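Scroll down for the structure; my scribbles are underneath it.
All residue numbers in this chain count up from 1 along the given sequence. Keep in mind that what you see is a predicted model, and the values were worked out from it rather than measured.
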Amino acid sequence: MYPILTVTTFLPLVGAIAVLLSSERWARGIALGTTLATLFVSIPLYPNFDKTSSALQFVEVWPWIPSWNVTYGMGVDGISLPFVFLSVLMSVLCVSASWTAVQKRLCEFYAALLVAETAMIGLFAATNLFLFFVFWELMIVPIFLLIGVWGGENRVYAAMKFLLFTLAGSALMLVGMIVLLYVGGTLDFRALADMTLSLELQVWLFVAFLAAFAVKVPMFPVHTWLPDAHTEAPTAGSVILAGILLKMGAYGFLRISLPIFSDALQLFLTPMLVLSVVAIVYGAYVTLAQTDVKRLIAYSSVSHMGFVTLGIFTLNSSGLEGAILQMINHGILTGGLF
């Protein structure tokens, strides 16, 4: 009856604008009301979702940049829908958890949380690579601000480290996206998956996208930004980092790397499995040595996400389903721990 995914995605952005235009007295209430409204408008997604179909549902497609053959495309399937639910749920908890914990620059703080919610939902609902990349980059801004402005003693160092790691990976993904557009003439996920690319091109593109996804997961050995970011971020920032941000990298593997670079994937399978196992063992052992609870959760997340990437790169249905289940479990449990 209405473009439910677009409304769910951009309602938090409208709320962020309202928070910035309001006084600090009303900031908390507007932010909480916006996240609850977003949760409410997303509810029809779940009972009306056809679990027997693998096709995209609640699809919205509108012309956007005709010269690049780029459309505004939204839709969800059985992989993305659980992450949309996780995003709207964790956003409500983040606003609630910050009610008394944050006392300075309230309007800007809650606006950053709401912008992050728009980026999270939009990324999981996007059906083309251009829109995916827009929300991927948008997510960096509020997280950088949450760590750098409302973080702990070493917040500037942690924020800059997060920014440099994520931008380095994003730059390579941007190059890969441009190559895909040049070669294929489209950035639609389904069209790219049906396209036949040469093995050599797939290898280079897999590496380009791996750089972005591995940093976000984060996979060993590009995980070092995470403990600092977790330690310095405010509670809400840590919840978003552990609950949602880490899942974006693994979701990228599921949505882009596996279906589009399937031939190149066979060449990288053993290294990816080995790195996953190393992350599981290394993250677990380093967790045992931590005395700060935030760093403990950060290193345990490296270990837990190792199980996720291990499941993804088994390339069978049990592994993929287990990886998705582990991501949802990890998002809820680490959010609760923070």
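- Within the model, atoms OG1 of T35 and CG of L89 stand 10.0 Å from one another, a figure rounded to the nearest 0.5 Å.
- The heavy-atom pair separating I43 from P47 by the smallest distance is O-CD, 2.8 Å.
- E232 places no side-chain N or O within 3.5 Å of a backbone atom of I147 that could act as its donor or acceptor partner.
- Applying the 6.0 Å contact sphere to OH of Y46 captures more than 12 heavy atoms from other residues, nucleotides or ligands.
- Between the side chain of N69 and the backbone N or O of G185 there is at least one donor-acceptor pair closer than 3.5 Å.
- Between F58 and N48 there is a side-chain heavy-atom pair separated by less than 4.5 Å.
- The aromatic rings of F313 and F253 stand perpendicular to each other, their planes meeting at an angle above 60°, with 30° marking the opposite boundary.
- Side-chain atoms of T118 come within 3.5 Å of backbone N or O of L13 as a donor-acceptor pair.
- With 3.5 Å as the limit, one finds no donor-acceptor pair spanning the side chains of Y110 and T34.
- When every heavy atom of A236 is checked against every heavy atom of S98, the shortest pair comes out as CB-OG, 3.3 Å.
- Closest heavy-atom contact between V88 and S42: CG2-OG, 4.0 Å.
- Expressed to the nearest 0.5 Å, how far CD of Q326 lies from CG of N329 amounts to 6.0 Å.
- In terms of heavy atoms, D188 sits closest to N128 at CA-CB, 3.9 Å.
- The closest side-chain donor-acceptor pair between D228 and T231, if any, does not fall under 3.5 angstrom.
- Of the possible donor and acceptor atoms, one in the side chain of Q57 sits under 3.5 Å from a partner among the backbone N and O of D50.
- D77 places a side-chain N or O within 3.5 Å of a backbone atom of S80 that can act as its donor or acceptor partner.
- Atom OH in Y285 sits 11.0 Å away from atom OG in S303 (nearest 0.5 Å).
- Going from atom CG of L32 over to atom OG of S91 covers 11.5 Å, rounded to the nearest 0.5 Å.
- Ring planes of Y299 and Y282: perpendicular class, angle over 60° (limits at 30 and 60°).
- With sequence neighbours excluded, no residue satisfies salt bridge (Lys or Arg N to Asp or Glu O under 4.0 Å) with R28.
- Checked by atom type and distance alone, the side chain of E117 never pairs as donor or acceptor with a backbone atom of L113 at under 3.5 Å.
- Taking the six-membered ring for Trp and the full ring otherwise, the centers of H330 and F307 sit at least 6.0 Å from each other.
- The 12-atom threshold is not exceeded at CZ of R105, counting heavy atoms of other residues, nucleotides or ligands nearer than 6.0 Å.
- Ring geometry for F206 against F261 counts as perpendicular: the plane angle is over 60°, on a 0 to 90° scale with 30° as the lower cut.
- Looking at heavy atoms from C-beta onward, M120 lies out of side-chain contact with L86 at the 4.5 angstrom threshold.
- Between the CD1 atom of I178 and the CG atom of L129 there is a distance of 10.5 Å, given to the nearest 0.5 Å.
- Distance alone, capped at 3.5 Å, places no donor-acceptor pair between the T8 side chain and the L5 backbone.
- For W64, the CH2 atom sits in a packed shell: over 12 heavy atoms of surrounding residues, nucleotides or ligands are nearer than 6.0 Å.
- Residue K104 qualifies as enclosed at atom NZ: its count of foreign heavy atoms under 6.0 Å is above 12.
- Between the side chain of T127 and the backbone N or O of G75, no donor-acceptor pair lies under 3.5 Å.
- In this structure, V179 and L201 have side chains that are in contact, with non-hydrogen atoms separated by less than 4.5 Å.
- Proximity of a side-chain donor or acceptor of S300 to a complementary backbone N or O of I297 within less than 3.5 Å is detected.
- Residues V115 and V141 fail the side-chain proximity criterion, which asks for heavy atoms closer than 4.5 Å.
- Closest of all the heavy-atom pairs between E60 and I4 is OE2-N, 3.5 Å.
- Side-chain atoms of W225 do not come within 3.5 Å of backbone N or O of L163 as any donor-acceptor pair.
- Shortest non-hydrogen contact noted between M219 and L275 is CE-CB, 4.1 Å.
- Atom CZ of F144 sits in a crowded spot, with more than 12 heavy atoms from other residues, nucleotides or ligands closer than 6.0 Å.
- The CG atom of L174 lies 13.0 Å from the CH2 atom of W136; values are rounded to the nearest 0.5 Å.
- Ring geometry for F213 against F209 counts as tilted: the plane angle lies between 30° and 60°, on a 0 to 90° scale.
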